[in-house]
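These notes concern the structure reproduced below.
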Amino acid sequence: MSDPAVTPVQPTFDQFGLAAEILKAIAEQGYTTPTPIQAQAIPVVLSGRDVMGAAQTGTGKTASFSLPIIQRLLPQASTSASPARHPVRALILTPTRELADQVAANVQSYAKHTPLRSAVVFGGVDMNPQSAELRRGVEILIATPGRLLDHVQQKTANLGQVQILVLDEADRMLDMGFLPDLQRILNLLPKERQTLLFSATFSGEIKKLASTYLRNPQTIEVARSNSTAANVTQIVYEVAEGDKQGAVVKLIRERGLKQVIVFCNSKIGAGRLARQLERDGVVASAIHGDKSQLERMQALDAFKRGEIEALVATDVAARGLDIVELPAVINFDLPFNAEDYVHRIGRTGRAGASGDALSLCSPNERKQLAEIEKLIKKPLEVERLVVDAPVRHQREERERGGRRERDDRRRSGTFERGAHHRHAPVDDFFFKPYEPSPAAIKREEAPNPEPVGKPASKQPLAALLGGFGMPRKTTSS
DNA sequence: AAAAAAC
């Protein structure tokens, strides 16, 4: 579908007629050439038209709306200190707090040579500093919906003069059940305004939202939706569920990964994996919705500063987060929602850099893998990954089934519970035969040896070669 | 099925 002829002269930021203060900030950020979405969106936003934008994160989407918004607000910018002279004129809504924070940092840097003021408000942190900042007056407000409505109720935010609204990651906001909040916010805004809607996909719901709240929008689409970047190498490793942790350590060590996000499907799983990685000598930290906002921000900052090797995350970090030049992401679990796969691996291979997306797939995740391949319209390369010293306790606990005590889960990861390890794992055939390496033998002699499991010879060779061909005994209905 | 987001 893409037309190779449409890559003419290198465009520059000068061509848009942006103010010198903005161009200066862009240059200071080290940007010279607009990305495709920027080249397309900036003129349209400057013209005042509504926009329906489809763009992956990592395509320069934030600048594509921030820069022209700043330009459009600039002529009205007041240097007056009076808060009344600084009503909210542009409102940017995002689904997650981290994304709000990040967009705000970008806006701040683009507007730093202008008199425009920006602020960010989101939940999980003290409202008072936010209220104080809002009272001082801001032209550009970045927010998550819930906290914004809170401020509206407290009368610290007045949306009556908003001229430009941005709905960033709109599909995500709908997924997260923000529609009622969005509707309430939209009803507070002037009808006469410019609305920019960005979404990874144009689902029926998104189209409905757009037809209700956008006026004659210009559609902008860069890179087909649901596609994955060509510069990202995707590998799927088939691995038994209980060996995933060992597999992560192995991948990090073998590939010498200094900065990697490891995605898990559950908050408990993410917390547990982070602790286990730490025990294996990987500097790791978890980020998920049960962590306090402070912990979340600290983990993210430490990761960005390179103080953490592995950031173990739920899908709170799947979208929008921009960590420069992330060399790799690992999917510890395959996401339930195939679209989330695209978002997760969008964390690597940013802005032309190459990246690796490494996914662990256990036998019971075959269906998810198939869904992903269907969505991205290409088969994924599947390799076997042999883990020398499998850590089996997790799987055993799970497969012991009903006998599990309620808080087993929380304490899993403790090796000391030897009595619980007497059952042989049932799905060892997955990557057998098991040939212990010297390191594995050493570990077998360690204080709490794991049973190695049923001899592999009992399993048909086809199971080994075919890998995913074996049906898994269902453990529940 | 799980995650996210206001107090």
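Source: prediction; values computed, not measured. Note on naming: letters A, B, ... go to the chains in the order of the sequence lines (proteins, then strands), and numbering restarts at 1 for each one.
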d([atom1], [X]; [atom2], [N]) in whole Å:
X	N	atom1	atom2	answer
A/F122	B/dA4	CZ	P	15 Å
A/Q293	B/dA4	CD	C1'	11 Å
A/L148	B/dA6	CG	C1'	11 Å
A/Q368	B/dA3	CD	P	14 Å
A/H343	B/dA3	NE2	C1'	13 Å
A/R172	B/dA2	CZ	C1'	10 Å
A/L149	B/dA6	CG	C1'	9 Å
A/K367	B/dA1	NZ	P	10 Å

Looking at [X], I'd like to know whether one of its side-chain N or O atoms comes within less than 4.0 Å of OP1 or OP2 on [N].
X	N	value
A/T314	B/dA4	yes
A/T144	B/dA4	no
A/R97	B/dA3	no

A/R296 bridged to A/E98 by N-O distance under 4.0 Å: yes

Could you check which of [options] has an atom nearest any side-chain atom of [X]?
X	options	value
A/K267	B/dA5, B/dA6, B/dA4	B/dA4
A/F336	B/dA1, B/dA6, B/dA5	B/dA1
A/S266	B/dA3, B/dA4, B/dA5	B/dA3

Residue list, side chain to side chain donor-acceptor pair (under 3.5 Å) with A/T314, at least two apart or on another chain: none

Centroid separation A/F332 to A/F263 less than 6.0 Å: no

Residue whose nearest DNA chain B nucleotide is more 5′ - A/V125 or A/G289: A/G289

Touch class at under 4.0 angstrom, heavy-atom based, for A/G177 against every strand present: nothing

Touch class at under 4.0 angstrom, heavy-atom based, for A/D315 against every strand present: nothing

Distance-only side-chain donor-acceptor flag, A/R97 / A/Q293, under 3.5 Å: yes

Distance-only donor-acceptor check, side chains A/R215 and A/Q194, under 3.5 Å: no

